There are 4 protein chains.
Amino acid sequence: MTKRTKRSPRSSSVTTTRAATARVPKVASAPLRPKPAANRAEKSAERRAAIVEAAMEEFIARGFAATRLDDVAKRAGVAKGTIYLHFTDKESMFEELIRTAIVPLIGNITMAPPGGSVRETIERFAATFIQEVVSTRRGDIIRLIVAEGPRFPAIADFYFREVVSRGLAGITALIQLGVASGEIRQKELARFPQLLVAPAIVAVIWQSLFARHAPLDAIEMFKVHLDLIFGERRTT
Amino acid sequence: MTKRTKRSPRSSSVTTTRAATARVPKVASAPLRPKPAANRAEKSAERRAAIVEAAMEEFIARGFAATRLDDVAKRAGVAKGTIYLHFTDKESMFEELIRTAIVPLIGNITMAPPGGSVRETIERFAATFIQEVVSTRRGDIIRLIVAEGPRFPAIADFYFREVVSRGLAGITALIQLGVASGEIRQKELARFPQLLVAPAIVAVIWQSLFARHAPLDAIEMFKVHLDLIFGERRTT
Amino acid sequence: MTKRTKRSPRSSSVTTTRAATARVPKVASAPLRPKPAANRAEKSAERRAAIVEAAMEEFIARGFAATRLDDVAKRAGVAKGTIYLHFTDKESMFEELIRTAIVPLIGNITMAPPGGSVRETIERFAATFIQEVVSTRRGDIIRLIVAEGPRFPAIADFYFREVVSRGLAGITALIQLGVASGEIRQKELARFPQLLVAPAIVAVIWQSLFARHAPLDAIEMFKVHLDLIFGERRTT
Amino acid sequence: MTKRTKRSPRSSSVTTTRAATARVPKVASAPLRPKPAANRAEKSAERRAAIVEAAMEEFIARGFAATRLDDVAKRAGVAKGTIYLHFTDKESMFEELIRTAIVPLIGNITMAPPGGSVRETIERFAATFIQEVVSTRRGDIIRLIVAEGPRFPAIADFYFREVVSRGLAGITALIQLGVASGEIRQKELARFPQLLVAPAIVAVIWQSLFARHAPLDAIEMFKVHLDLIFGERRTT
DNA sequence: TATGAATGAGTTTTCATTCAT
DNA sequence: AATGAATGAAAACTCATTCAT
């Protein structure tokens, strides 16, 4: 993107739609049919999923510019040309990948069931987030966005719009709930919902950069963080 | 190799004038001219500085892999080959840049004068950090480290050793001081000094990714953060 | 990397015709067409052969260091990148070329049919060698080995192992045969089989360096040489 | 040479002259004056000799194209620019070097004192040649000429004119002398004086390519060779 | 004269993209 | 639809040559 002079029409909306419909849950799909008897569409979808999976791994491991489509194809078990049957080019592939990657995240986030106290809700959400994101490959996606965001404004924009602003809105609501119920003393916290998630972000970064030097217990850290906000906790 | 065409005479249209202006004794010449006419060593140092500066800009803007040394040279106003007089190759240039970039950061961190309460000390340090790092180009260096760290383990290692572990050690000491003096109620905080700096990290990331969508008052956010740790502040 | 401008459509002006001509079952297609239309594997082999041929010419004409792969590609009628589909890099290409170049030589050498006297056998071999090597491009390969050997020890090693030591062993055997049969009086010759081939080597060198100043009748020279060894010959 | 488009006037005659007058016998010059008190001209001559010496080593080790003037300068202990005070460019430096390198060889060759039988004369000459050339760095110069000759026709021409044709003429005369005196039975040998020196050439090549695999006693080999020509020798 | 930093054309190598099969 | 050989623009790196000091 940075330097590309003329970009052929990429129709990001179309591409995104395609991604949404094509994306087949990798593990769940297998049992549906006996392996060999997959039809055209299914096979194509499988191939696409393999490419997406492989590309994700490579992009995470090397970043956008250093990733070779050759490697992606090899890892996905398809020919290089096949990638171009599913994606316009490397750049749009990357953008689409990042976009589709966060779909499940949003699902989990908004799915947070509302029962119990505000602290419990947040704790539950945090536990999920840490287990699903910080400790997994998805954390690397966040790092990837941090890494490539400046060069892919479209991604930063999309991410801000679809994830960050929504997520922070939800957190703000929770904080206000907590303030109203007296669980949270610091009213000002609602002005900076980022403060609530900051330890999670730091945990994500820590895992990919420094985990091997000094492992970090993200859950425990987050609990201490919540103690700062809600006051000393009683149990573990 | 054998193919090179003869080099055409460079800019100096009148070669004969050389004899007139040149021939100044090396060492004695320095005092003769005031500022603009630097000697060889100085000029070389200037060039190197220009390369470092230009490379920093390019690396920050594009990341390691997507940065072209051609562009670095152009931006620095030197020839491509000149870069190789100062750095072995692109990779070691990058590593050296990252390393030298944090030297001033360390300076500022360790320079923190010890007067006043723990909160005041931290507040002072945070203000400096935010002004000097979050709001400047140096914040991008942190983002760059986050972005390229996994591909440059040497950098992550160096950074952990020289900056992170030292910084966290200092912060831990401060926290323990605060706990001892009663300023900080949460003893557990000392186990996770990352919590103290998390908002600063988040601010850095926010600035480079989302600032244009929603500006963030990092200083104010940090104050609210400190209120969580030290209890409600009195003044603004 | 990110900078690439979109590739303009290559030579094939009418892309639509592709659908008509394509879609032929891979394996079955071969017999359909006679000679000019080679299949993929054949075409690749042809290309490789063209590269080998072109590279040989260039290496012989310029030596290793001064040869440009650009020229090799141009001469072979392929794109620069195509070379790298067949060879790892310039150096290994050179080494492989030299290695494969001598295979036919070895074939000819060992193929020497055993009939007649020792002198006749040697004469026959020498005639073959001179016709096939000294007077052809292959002689230049020998000169190339002499030229580049010191910088490519692997080549010198290989050549010594596969060609020189074997060839000299064979010659030694022949000499001993001749000594035993009384054809050769000088028993000591078996200690220096190099003496037998020395004129051929000198002829090779002479051809590439001095032929245009003074042509050399290698065959006649070799006959005189054999007269020294076997005694005066009867006919011319 | 091969590709160079425009060559600035190199005035090879002038250059050669310069070389002839500038060339100071390296070892003999030192005792003439106490080391530190060398004057301008002497210093310059010393520098030039150092460059010639260093260049020779490098050219022999790497060939023309692969030799870097940087390395030559370093080895000679001068600055890179200094080379250009003595030589027009790399190419003319190479040509001049090759030319001046054989001057002492010619000296030794023509200096051969005429006493004794033809065999003795040749034996004496061969011994000198093997000791002075085959076993020394000068043999590599011959190999260098073989290696680079085709790319430097001027060198091949010069060498043929100044060394080869003269040398062969001398050898032819010797052979005719031997034939006349009855020492040599093979009259035809005079038609191919190359046969006489072939073993020496082969020895030179063998030394640089295969000596480490199988050492070759060049003197002994040459004696056997002479036995072929003159008949069995009596003593060693 | 000597120096060596600077230059930039030239060379090797890579890799996104195309297209005949 | 899938393949993967072929392409060639672009990028890293080299090094002969220049020239200010």
Side-chain angles (χ1 to χ4, degrees), chain A residues 3 40 43-44 47 67-71 73 78-86 88-91, chain B residues 1-12 15 18 21-26 29 39-41 43-44 47 65 67-71 73 78-86 88-91, chain C residues 1-12 15 17-18 21-26 29 39-41 43-44 47 65 67-70 73 78-86 88-91, chain D residues 3 40 43-44 47 67-71 73 78-85 89-91:
Chain A
K3 279 273 170 171
R40 269 298 174 87
K43 260 194 177 169
S44 177
R47 256 182 245 271
T67 289
R68 280 163 304 182
L69 293 195
D70 233 338
D71 290 344
V78 302
K80 225 186 324 175
T82 305
I83 293 175
Y84 286 86
L85 299 175
H86 294 274
T88 304
D89 59 12
K90 191 187 177 185
E91 206 167 305
Chain B
M1 205 159 269
T2 330
K3 192 185 179 183
R4 187 156 301 212
T5 50
K6 279 282 190 283
R7 187 82 56 82
S8 58
R10 216 113 24 96
S11 52
S12 74
T15 317
R18 198 198 342 156
T21 59
R23 283 298 200 156
V24 179
K26 257 183 202 165
S29 70
N39 63 32
R40 274 242 265 251
K43 261 196 181 165
S44 179
R47 256 179 242 269
T67 290
R68 275 160 295 142
L69 293 193
D70 234 342
D71 289 345
V78 302
K80 229 182 319 171
T82 305
I83 292 175
Y84 289 88
L85 297 175
H86 295 277
T88 305
D89 57 12
K90 192 185 175 186
E91 202 165 313
Chain C
M1 205 159 268
T2 329
K3 193 187 181 185
R4 187 154 302 214
T5 52
K6 278 284 189 280
R7 187 79 57 81
S8 58
R10 216 115 23 94
S11 52
S12 74
T15 316
T17 58
R18 193 194 350 155
T21 60
R23 281 299 199 159
V24 178
K26 256 185 204 163
S29 70
N39 65 32
R40 274 242 266 249
K43 262 197 181 163
S44 179
R47 256 178 242 269
T67 289
R68 275 159 293 141
L69 293 193
D70 233 343
V78 302
K80 232 180 316 172
T82 305
I83 293 175
Y84 288 87
L85 297 176
H86 295 277
T88 306
D89 58 10
K90 192 186 176 186
E91 201 164 315
Chain D
K3 280 272 171 174
R40 270 296 174 87
K43 259 193 178 170
S44 177
R47 258 182 244 269
T67 288
R68 280 163 305 182
L69 293 193
D70 234 338
D71 291 344
V78 303
K80 226 187 322 178
T82 305
I83 293 175
Y84 286 85
L85 299 175
D89 57 14
K90 191 188 177 185
E91 207 168 304

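Letters A, B, ... are given to chains in the order of the sequence lines, protein chains preceding strands, and every chain is numbered from 1. The structure presented is a predicted model; accordingly, all values stated were derived computationally and were not measured.
Listed pair His86(C) / dA5(F) fails the phosphate criterion, with no side-chain N or O lying under 4.0 Å from OP1 or OP2. Between Lys80(C) and dG8(F), a side-chain N or O to OP1/OP2 separation shorter than 4.0 Å is absent. Using a 4.0 Å cut-off, no side-chain N or O of Arg68(B) falls inside it from OP1 or OP2 of dT14(E). Contact annotation: Ser44(C) side-chain N/O to dA5(F) OP1/OP2 distance is not under 4.0 Å. For the pair Arg47(A) and dT3(F), the criterion of a side-chain N or O lying under 4.0 Å from OP1 or OP2 is met.
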Requested in this report: Quick one: the dot-bracket string of DNA chain E, using Watson-Crick and G-U wobble pairs with both distances under 3.5 Å, [ ] for crossing pairs and | for bases paired to another strand.
Outcome: .||||||||||||||||||||
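The distance from atom CG of Leu69(A) to atom CG of Asp89(A), rounded to the nearest 0.5 Å, is 9.0 Å.
Every salt bridge (Lys or Arg N to Asp or Glu O under 4.0 Å) that Asp70(A) has, sequence neighbours left out, goes to Lys80(A).
Closest to the Asp70(C) side chain, of the nucleotides dT13(E), dA2(F), dT12(E), is dT12(E). In the set dA16(E), dT12(E), dA6(E), the nucleotide with an atom closest to the side chain of Lys90(C) is dT12(E).
Among the atoms of the strands shown, base atoms are found under 4.0 Å from some heavy atom of Leu85(C). Within the nucleic acid shown, Thr88(B) has no heavy atom closer than 4.0 Å to any nucleic acid atom.
Of the residues near DNA chain F, Val78(A) and Gly81(D), the one whose nearest nucleotide (by heavy atom distance) lies more toward the 5' end is Val78(A).
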